[in-house]
Student: 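Just passing along the structure, written as structure tokens.
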Amino acid sequence: MSDDHEAQDGLDWIQANSDDASYDERPGEEGHHAVVPASDSLPERIYLLPIHNRPFFPAQVQPLVVNRERWEETIRRVGNTPHHTVGLAFVGETGVEELGDEDFPEIGTAVKVHKLQGEEQQIQFIAQGVRRFRIQRWLSRTPPYLVEVSYPREPVDVEEDETRAYAMALINGIKELLPINPLYGEELKHYLNRFSPHEPGPLTDFAAAITSAKGPELQDVLETMPVMARMQKVLPLLRKEIEVAQLQSEISDQVNAQMQERQREFFLREQLKVIQRELGISKDDRENDVDTFRARLEGRVVPERVMERIDDELDKLSVLETGSPEYGTTRNYLDWLTAMPWGVRSQDQLDLAHARSVLDRDHDGLKDVKERIVEFLAEGTFKGDVGGSILLLVGPPGVGKTSVGRSIADALGREFYRFSVGGMRDEAEIKGHRRTYIGAMPGKLAQALKEVEVENPVIMLDEIDKMGQSFQGDPASALLEVLDPEQNVDFLDHYLDVRLDLSKVLFVCTANTLDAIPPVLLDRMEQIRLSGYIAEEKVAIAKHHLWPKLLKRDRMPKKRINLTEAALRQVIEGYAREAGVRQLEKQLHRIVRKAAVKLLENDQQSVRVSVNNLEQYLGPPIFRKEQVMKGEGVVTGLAWTAMGGATLSVEAGKVHALDRGFKLTGQLGDVMKESANIAYSFVLGHLGEYGADADFFDSAFVHLHVPEGATPKDGPSAGVTMATALLSLARHRSIDRPLAMTGELTLTGQVLPVGGIREKVIAARRSDIFELILPEANRRDYDELPDYLKEGMTVHFAGRYRDVARVVFG
């Protein structure tokens, strides 16, 4: 390729001279009409340019753009020729890099180059189709491509009727396409005025050029020399183009009709709004929203600062466009702000007789808890209000903590709202999100007030001992402001950004244990313990609540399933011995399901469930009657767990007399290991004082074991029990009666108080142990127990270990 200067000279020459060449139309041989230069004939040698999308026809005049870097030399050489003619050949999808002479078709179109313009990356020119050519010989097989060509004749008989008929059909088809597809409007008019049925060749080529047929189909038309055969190929393509254009036009008309109808409805609605507003009949959306929010506040006592905020937001809302995002944000904020129950309170029903009847209706047992709640309500009667208090119901799962909270609301005649804080890790759940965040919402407390529509509901915070912490915050700390009577009068929700008065809310929290509750939070709550149920209470709960509820839920007539009281007691003792009643409800549900199967399969009228056939419904008992372990070195202790109280046997045995030693087993925690070591040291130092051989442990390897080693055990309440087991071993004397004890021991022999006295007493009664040894410091806890738990019990209180030894060994 020549240098850039020579190439630019060729481009400049074409640009300067291409517009001056004149062309005319004159008849060719044998009736053929071709567009040829007036000054000279078509060249025998021409340069080739490949085109990819579709072939170029002699009847076309169209701008073309080529890559300057690749085809600049070809264009320069064309510009240096006197005829300025280049051959266009359709090569399809073949890439420029892979082009060879075999990829070029035999037939192409010779075009004249006009109005050449060179840019940085491209060269643009107008190509005027002149005539078909046929490649005879390749002179250069690499760019710039140079070939020898001939110009084949296009035989046609313009006098035949069939030829004229096809020509008229093509002209009519083009005229039919003109109003449907305005894209070719000016070009179609120009050629229709220029061509006639007596010039079918150019007319056929032009008709093919304006169709959207694929490249190979158009190349086939280009290679068809007889005009009659060419028209037969082009006419179907033109008809197909007309059908596609008509279909497109129909679709466009349908879309336009729908749009016009919607626009018409929109304009009519807008006109209707304007007319109604002028007549005072209706208001626009903004006015409706403002009036709705102001109507909500009628009759409510809104604090002055809150009202100022609402007025500011309403003023802002009245000037915003209804379609703007800020309008939606402001409207949502006002929706929440005006939905708060400002100054709306329900009247408390401070009637103790009514409160007792509601509590007795909803719960059996729990006499001490009911009394504590009645005392709480009685206090509120004198104050005139029970708001601002925070109750904490603590107890094992299934003892009725949540239902007690609901009963408190019923007794007071207040609205009730419950949400669980178990697993909550985001403080925004309590205090709300700031309005700068997408999807911001108020906290649960604001949501509760909106739902109950009063300022003084009963709000239950369930599972408060199971809150979590994360990078998003500490919800337990966020509750400090909520549950502090001195602070919650001005509780600030981050979304509402105004002060809420929570001092009238009665908060009821529930927890299984107190260990996981932060002390600063626990200090703000009044604790009420629900320790669990004894067998008699479970029987009453099952008869009055659980069994009727199951039959009602399954729509089972009471007469069709008869559960005897003896069978019910057996279910409680053998299958559901936990502190609560959830497991009991599950076992009763199993009975209902299996009874339903029997009723349907055996076509029975009724089913009777008794002790004799209970195992057919529930299988063998899970629990057997606890046999109190007896023997030398064996003592029964009392323990407290999160599931309630339990009896705990402690065994001490002498392994051998070869050497002194002490071994512990039974999955004991660190606290119990310390208690065991303290008990061992205390007994070792006081053997003679308690009637044992002072040298017993000098040569004895002692093993202390707490059975059920798969169950972890820990807690400071087994010291007295372990010391008694070791002393029983050293004295070679077993405890000859059912006796249980609890208490922590010091090295000096003092018996320290322990917790869970109620649960431990219930566990002893469940195991038919009616003689207990408790620390002297726990006498008050025992005295506060209800009489039905103390009935038949013999309790000894010990301040020092010698008091324990006196009761056990005399």
Side-chain angles (χ1 to χ4, degrees), residues 361-366 369 395-404 406 463 510 512 530-602 604-627 639-647 708 710-711 759 762-768 788-789:
R361 178 198 68 194
D362 295 340
H363 299 87
D364 286 290
L366 302 179
V369 176
V399 296
K401 300 183 293 295
T402 302
S403 59
V404 166
R406 194 179 299 274
E463 310 292 352
T510 70
N512 295 129
L530 287 77
S531 302
Y533 303 105
I534 60 175
E536 294 298 330
E537 292 174 331
K538 285 187 175 182
V539 169
I541 293 171
K543 290 169 64 176
H544 300 152
H545 302 282
L546 301 181
W547 187 249
K549 183 179 76 171
L550 289 172
L551 294 180
K552 182 179 180 181
R553 186 175 67 185
D554 293 341
R555 298 182 181 179
M556 186 75 67
K558 294 181 180 180
K559 297 180 179 179
R560 302 200 68 180
I561 302 180
N562 180 20
L563 177 66
T564 65
E565 185 169 332
L568 178 59
R569 289 183 179 275
Q570 178 61 24
V571 172
I572 294 169
E573 294 292 340
Y575 301 87
R577 202 177 281 184
E578 83 288 354
V581 292
R582 284 210 183 107
Q583 190 63 29
L584 175 59
E585 183 176 6
K586 292 178 182 177
Q587 299 299 335
L588 293 177
H589 194 196
R590 286 183 64 190
I591 293 175
V592 173
R593 292 199 308 266
K594 291 186 177 295
V597 172
K598 284 194 171 186
L599 289 172
L600 294 175
E601 289 185 346
N602 302 331
Q604 297 177 230
Q605 293 299 317
S606 63
V607 171
R608 187 173 187 270
V609 182
S610 63
V611 176
N612 297 328
N613 63 356
L614 184 61
E615 291 191 12
Q616 298 177 12
Y617 295 87
L618 300 180
I622 301 173
F623 303 99
R624 298 290 180 179
K625 186 69 175 178
E626 288 188 9
Q627 298 294 329
W640 177 88
T641 68
M643 302 297 290
T647 56
E708 298 183 18
T711 304
E759 290 85 348
I762 292 174
R765 294 184 68 94
R766 190 184 299 127
S767 299
D768 292 335
Y788 68 90
L789 284 181

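Counting from 1, the numbers follow the sequence of the chain as shown.
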Student: Could Glu536 and Arg569 be called an ion pair, given the rule that one side-chain N must be under 4.0 Å from one carboxylate O?
Tutor: yes
Student: Distance check, rounded to the nearest 0.5 Å: Lys401 atom NZ versus Asn512 atom CG?
Tutor: 4.5 Å
Student: Within this structure, what is the CG-CD1 distance for the pair Leu568 and Ile572, rounded to the nearest 0.5 Å?
Tutor: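 So the gap between those two atoms works out to 4.5 Å.
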Student: With side chains defined as the heavy atoms from C-beta onward, is the minimum distance between Val571 and Tyr617 less than 4.5 Å?
Tutor: no
Student: Within a radius of less than 6.0 Å around CZ of Arg590, do more than 12 heavy atoms belonging to other residues, nucleotides or ligands occur?
Tutor: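 More than 12 heavy atoms, drawn from other residues, nucleotides or ligands, come within 6.0 Å of this atom.
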Student: I want to check something: taking the side chain as every heavy atom from C-beta on, are Glu565 and Lys543 in contact at a cut-off of under 4.5 Å?
Tutor: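 Answer yes - side chains close enough.
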Student: With heavy-atom distances below 4.5 Å as the criterion, would you say the side chains of Val581 and His545 are in contact?
Tutor: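 They are not in side-chain contact.
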Student: Checking the side chain of Arg765 only, and the main-chain atoms of Leu789 only, is there a donor and an acceptor separated by less than 3.5 Å?
Tutor: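 Answer holds: yes.
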Student: Verify, without hydrogens or angle tests, whether Lys538 (side chain) and Ala576 (backbone) share a donor-acceptor contact under 3.5 angstrom.
Tutor: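 Such a contact is found between Lys538 side chain and Ala576 backbone.
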Student: If you round to the nearest 0.5 Å, how far is CZ of Arg593 from CG of Leu588?
Tutor: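 Here the interatomic distance stands at 11.0 Å.
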Student: Nearest 0.5 Å, what's the NZ-NZ distance between Lys558 and Lys552?
Tutor: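 The NZ atom of Lys552 is 9.5 Å from NZ of Lys558, to the nearest 0.5 Å.
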Student: List the steps, then state whether side chain to side chain contact (heavy atoms under 4.5 Å, CB included) holds for Met556 with Leu599.
Tutor: CA-CA 11 Å; Met556 186 75 67; Leu599 289 172; 4.0 Å; yes
Student: Taking Arg608's backbone N and O only, do any of them form a donor-acceptor pair with Asn613's side chain (distance below 3.5 Å, no angle check)?
Tutor: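 A pair under 3.5 Å: yes.
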Student: How about NZ on Lys594, more than 12 heavy atoms from neighbouring residues, nucleotides or ligands closer than 6.0 Å, or not?
Tutor: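 At most 12 heavy atoms, drawn from other residues, nucleotides or ligands, come within 6.0 Å of this atom.
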Student: Could you tell me whether a side-chain N or O of Thr510 sits under 3.5 Å from a main-chain N or O of Glu463, the two making a donor and an acceptor?
Tutor: yes
Student: Say you draw a straight line from CG of Leu584 to NE2 of His589; how long is it, rounded to the nearest 0.5 Å?
Tutor: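 Those atoms lie 13.0 Å apart.
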Student: Show the numbers, then the answer: is there a side chain to side chain contact (heavy atoms under 4.5 Å, CB included) between Val404 and Val399?
Tutor: CA-CA 9 Å; Val404 166; Val399 296; over 6 Å; no
Student: Heavy atoms only: give me the nearest Ala542-Pro548 pair and the separation to one decimal.
Tutor: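 That closest heavy-atom pairing would be O-CD, 3.7 Å.
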Student: Is any side-chain heavy atom of Ile541 less than 4.5 Å from a side-chain heavy atom of His363?
Tutor: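 In short, these two side chains do not touch, never coming nearer than 4.5 Å.
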Student: Is the shortest side-chain heavy-atom distance between Leu550 and Ile591 below 4.5 Å?
Tutor: no
Student: Is there a side-chain contact between Pro621 and Gln570, using heavy atoms and a 4.5 Å cut-off?
Tutor: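 A side-chain contact under 4.5 Å exists here.
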Student: Between atom CG of Asp554 and atom NZ of Lys549, what is the distance when rounded to the nearest 0.5 Å?
Tutor: 11.5 Å
